[in-house]
Amino acid sequence: MKRLLFAILVAVATLTVGAQNNQQPEAPQLEFALQLKVTLGEAFSINNTQHGRRTVIPITGGTFEGPQLKGTIINGGADYQLANADGRTELEAIYCIKTDDGVYIHVRNRGIICNTKDEQGRPSFYFRCAPQFEAPADSKYGWLNNSLFLCAPSFSQGFNGIVLNVWRVK
């Protein structure tokens with residue numbers, strides 16, 4: 001107990017000294033977790049709702065692979081997007097993946113797309129998401145439940161879908 005209390009006091013003192021010296025805190029590091037190659041169905045939209053334009057893009061399958069997991073994307077999910085008049089789109093994709101060894105994992109990926117102009121009036125495009133995984137806690141994929149993740153798209157010629165690169169925040 002004394003050792004834990006001492007460690008906490010040292011950590012607080014270190015943070016206080018750093019803050020007093022006006023040092024910027026160290027940024028979190030990222031490590032590559034996986035790449036998802038998601039195939040998509042035909043999108044449809046509901047225009048002019050009270051919240052904006054709603055677009056639904058069916059998720060029809062695909063594959064994923066990373067250093068610690070590999071498998072397929074299950075048909076039946078969807079990407080739900082809500083666009084406003086200012087060029088901002090909120091998205092929430094909900095789907096499941098299945099690892100090569102038969103473990104199902106639920107994915108909920110929330111993010112934003114901004115297709116606007118920067119301060120100088122030049123076109124600006126921003127697309128980032130934060131996937132959250134629900135894996136069986138007692139499986140070798142339980143680590144997915146205990147981390148934050150960020151993803152960004154990469155667009156590939158000749159692929160009918162979207163490629164998402166995912167990093168774990170360390």
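We use all heavy atoms of the structure for the numbers below, so side chains are in, but hydrogens, waters and symmetry mates are not.
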Indicate whether the side chain of Thr99 and that of Asp101 have a donor and an acceptor atom separated by less than 3.5 Å.
yes
Please find the pair of heavy atoms, one from Cys114 and one from Arg88, that lie closest to each other, and give the distance.
SG-CG, 4.0 Å
Closest non-hydrogen atom pair between Ser45 and Thr55, with its separation
OG-OG1, 2.9 Å
Working to the nearest 0.5 Å, report the span between CD of Gln132 and CG of Leu148.
8.5 Å
Using the rule that two of Ile, Leu, Val, Met, Phe, Trp, Tyr join whenever any of their side-chain heavy atoms come within less than 4.5 Å, decide whether Leu69 and Trp167 are in one cluster.
no
To the nearest 0.5 angstrom, please state how far the CG atom of Leu36 sits from the CG atom of Asn109.
8.0 Å
For Pro67 against Ala33, the heavy-atom pair lying closest together
CD-O, 3.2 Å
Which distance, rounded to the nearest 0.5 Å, do you find between the OG1 of Thr89 and the CG of Asn115?
8.0 Å
When you check the side-chain N and O atoms of Thr116 and Ser124, is any donor under 3.5 Å from an acceptor?
no
For the atom pair CD (Gln68) and NZ (Lys140), what is the distance rounded to the nearest 0.5 Å?
9.5 Å
Would you say CZ of Arg53 has more than 12 non-hydrogen atoms from neighbouring residues, nucleotides or ligands within 6.0 angstrom?
no
Between Gly41 and Ile57 the two heavy atoms that sit nearest each other are O-CG2, 4.1 Å
Does Gly161 offer a backbone N or O that forms a donor-acceptor pair with the side chain of Thr39 under 3.5 Å?
no
Has the side chain of Ser139 got a donor or acceptor atom that lies under 3.5 Å from a matching backbone atom of Tyr141?
yes
Applying side-chain contact (heavy atoms from CB on, under 4.5 Å) to Leu150 and Arg128, what does each step give before you reach the verdict?
CA-CA 7 Å; Leu150 297 173; Arg128 296 291 183 269; over 6 Å; no
In one Ile/Leu/Val/Met/Phe/Trp/Tyr side-chain cluster, 4.5 Å: Ile94, Ile74:
no
Heavy-atom neighbours of Asn47 CG exceed 12 at 6.0 Å
yes
Given Phe64, which of Leu34, Val166, Ile105 fulfils the side chain to side chain contact (heavy atoms under 4.5 Å, CB included) condition?
Leu34
Is there a side-chain contact (heavy atoms from CB on, under 4.5 Å) between Tyr95 and Ile97? Walk through the geometry before answering.
CA-CA 7 Å; Tyr95 56 99; Ile97 60 177; 4.0 Å; yes
Would you find a donor on one side and an acceptor on the other, under 3.5 Å apart, between the side chain of Asn145 and the backbone of Ala135?
yes
ILVMFWY network linking Phe149 to Phe127, side-chain heavy atoms under 4.5 angstrom
yes
How far does SG of Cys129 sit from CD of Glu92, to the nearest 0.5 angstrom?
10.5 Å
Counting distance only, does the side-chain N/O of Asp118 pair as donor-acceptor with the main-chain N or O of Gln120 below 3.5 Å?
yes
May I ask whether Ile162 and Phe159 are part of the same hydrophobic cluster, defined by side-chain heavy atoms of I, L, V, M, F, W, Y residues being less than 4.5 angstrom apart, directly or through others?
no
Can you tell me how far the CD1 atom of Ile112 sits from the CD atom of Glu90, to the nearest 0.5 Å?
8.0 Å
Are Phe32 and Val169 in one and the same hydrophobic cluster, where Ile, Leu, Val, Met, Phe, Trp and Tyr link if side-chain heavy atoms are under 4.5 Å apart?
yes
Apply side-chain contact (heavy atoms from CB on, under 4.5 Å) to the pair Leu40 and Ile59, showing each step before the final yes or no.
CA-CA 5 Å; Leu40 305 170; Ile59 294 174; 4.2 Å; yes
If you count the non-hydrogen atoms of other residues, nucleotides and ligands that lie under 6.0 Å from CZ in Phe44, is the total more than 12?
no
Count the heavy atoms of every other residue, nucleotide or ligand shown that sit under 6.0 Å from OH of Tyr104, and state whether that count exceeds 12.
no
